[in-house]
Student: 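There's a structure below that I have some questions on.
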Amino acid sequence: MSKKSKVQTKPVYNPSSTFTVNGQVKSTASSTKKGANASYNMNPYEEMAYNYANQSLYQNLPNVNVFSDNTMKNLNNEVNAYLKQGISNINSTYAPTIRQMQNDIARRFGNTNNSIFMDNLNDIESKRALAISDLAQDATLKRSELVNNELSNRYNYLNFLNNYQNQVYQNMLSTLSLNNQFLNTNNAHLNGKSAANSASSSNNFMDTALSLASNLANKAIGKYFS
């Protein structure tokens, strides 16, 4: 009695797959006996935006905490404008009081050369000097506020660029993962295997790649904010 040997079925492959959005091929994937590869296609506007984010991040990171002469000049101008307005407000508050006191003393005594006027005047001048002193302290706080706002705006801008890049990575890897899954699923069907099992290893790999790309990008920009 002869035994029949089990004949192995030669694997069948669909060599390529494409992922299309609005008529544009966003991703291509191909498989061979030696493995598989995939690529992501940016449209011209997406590529320009991505390159701009890369360039801006590279140019701004080294100087994020450095203020140029022009920046310092603008900050000083704002502080000086704040001081000028504050002094104007103080003078407009105390000057009418002094004039009214002069008129009252002149009507009562015929002139302002008397002790009552001088005592009251000294009291008003003392209060005005105190108000100016408070204004000077406020100006110091104003300067710190302006510096912090400038730094905050810079950090927010860099975070925006970083988040945009991460989003591009996520979109790219998600598209590649989906296209790769389509290819593996189709090849699994061609070979009579479970599509879920065939796609599992691919999904795990793409999830790991996505996490790694995001972590590397966050670490790269995070060291400048520490």
Student: Tell me whether Tyr157 shares a hydrophobic cluster with Val147, the cluster being built from Ile, Leu, Val, Met, Phe, Trp, Tyr side chains joined at under 4.5 Å.
Tutor: yes

Student: Any side-chain heavy atom of Thr93 sitting closer than 4.5 Å to one from Arg128?
Tutor: no

Student: Whether the Gln170 and Asn166 side chains hold a donor-acceptor pair (N or O, under 3.5 Å, no angle test) is what I'd like checked.
Tutor: no

Student: How close do Leu83 and Ala136 get, heavy atom to heavy atom, and via which atoms?
Tutor: CD2-CA, 4.5 Å

Student: Going from CG on Asn156 to CZ on Arg154, what distance comes out if it is rounded to the nearest 0.5 angstrom?
Tutor: 12.5 Å

Student: Any chance you could measure Tyr164, atom OH, to Tyr52, atom OH, to the nearest 0.5 Å?
Tutor: 12.0 Å

Student: In this structure, are over 12 heavy atoms from other groups packed under 6.0 Å from Asp69 atom CG?
Tutor: no

Student: Which heavy atom in Phe67 sits nearest to a heavy atom in Leu151, and how many Å separate them?
Tutor: CE1-CD2, 3.7 Å

Student: Do the non-hydrogen side-chain atoms of Gln24 and Asn43 ever get within less than 4.5 Å of each other?
Tutor: yes

Student: Are Leu158 and Phe160 in one and the same hydrophobic cluster, where Ile, Leu, Val, Met, Phe, Trp and Tyr link if side-chain heavy atoms are under 4.5 Å apart?
Tutor: yes

Student: What distance do Ile87 atom CD1 and Ser92 atom OG have between them, rounded to the nearest 0.5 Å?
Tutor: 12.0 Å

Student: Would you indicate whether the side-chain heavy atoms of Tyr155 and Asn65 approach each other to under 4.5 Å?
Tutor: yes

Student: Identify the heavy atoms of Leu146 and Glu78 that sit nearest to each other, and give their distance.
Tutor: CD2-OE1, 3.4 Å

Student: Could you go step by step and tell me if Glu145 and Leu141 meet the side-chain contact (heavy atoms from CB on, under 4.5 Å) rule?
Tutor: CA-CA 6 Å; Glu145 178 185 345; Leu141 296 176; over 6 Å; no

Student: Classify the side-chain pair Tyr82/Asn77 by whether it contains a donor and acceptor separated by less than 3.5 Å.
Tutor: no

Student: Rounded to the nearest 0.5 Å, what's the gap from OH on Tyr169 to OG on Ser174? Could you check?
Tutor: 14.5 Å

Student: Using a distance-only test with no angle check, is there a side-chain donor-acceptor pair under 3.5 angstrom linking Ser68 and Thr71?
Tutor: yes

Student: In Å, rounded to the nearest 0.5 Å, how long is the span from CD of Gln55 to CG of Asn60?
Tutor: 10.0 Å

Student: Please answer whether the main-chain N or O of Asn171 pairs with a side-chain N or O of Thr175 as donor and acceptor at a distance below 3.5 Å.
Tutor: yes

Student: Hey, is Lys26 close enough to Glu46 for a salt bridge, meaning N to O under 4.0 Å?
Tutor: yes

Student: Between the side chains of Asn76 and Arg143, is a donor N or O closer than 3.5 angstrom to an acceptor N or O?
Tutor: yes

Student: For Gln59, I'd like to know if atom CD has over 12 heavy atoms of other residues, nucleotides or ligands within 6.0 Å.
Tutor: yes

Student: Looking at every non-hydrogen atom in both residues, tell me the closest pair between Asn41 and Ser27 and how far apart they are.
Tutor: ND2-N, 4.2 Å

Student: Using the rule that two of Ile, Leu, Val, Met, Phe, Trp, Tyr join whenever any of their side-chain heavy atoms come within less than 4.5 Å, decide whether Met48 and Val168 are in one cluster.
Tutor: no

Student: If we ignore hydrogens and angles and just use 3.5 Å, is the side chain of Ser126 paired with the main-chain N or O of Asn122 as donor and acceptor?
Tutor: no

Student: Any link between Leu130 and Ile90 through a network of hydrophobic side chains (Ile, Leu, Val, Met, Phe, Trp, Tyr) touching at under 4.5 Å?
Tutor: no

Student: For the residue pair Asn89 and Gln85, establish whether any side-chain heavy-atom pair is separated by less than 4.5 Å.
Tutor: yes

Student: Which value, rounded to the nearest 0.5 Å, describes the distance between Ile132 atom CD1 and Asp138 atom CG?
Tutor: 12.5 Å

Student: Going by atom types alone, do Thr28 and Ser39 pair a side-chain donor with an acceptor below 3.5 Å?
Tutor: yes

Student: Could you tell me whether Asp123 and Lys127 have a side-chain N and a carboxylate O separated by less than 4.0 Å?
Tutor: yes

Student: For residues Met172 and Val25: do they belong to one hydrophobic cluster (side chain heavy atoms under 4.5 Å, members Ile, Leu, Val, Met, Phe, Trp, Tyr)?
Tutor: no

Student: Testing the basics here: between Glu47 and Met42, what is the closest heavy-atom pair and its distance to 0.1 Å?
Tutor: CA-SD, 3.8 Å

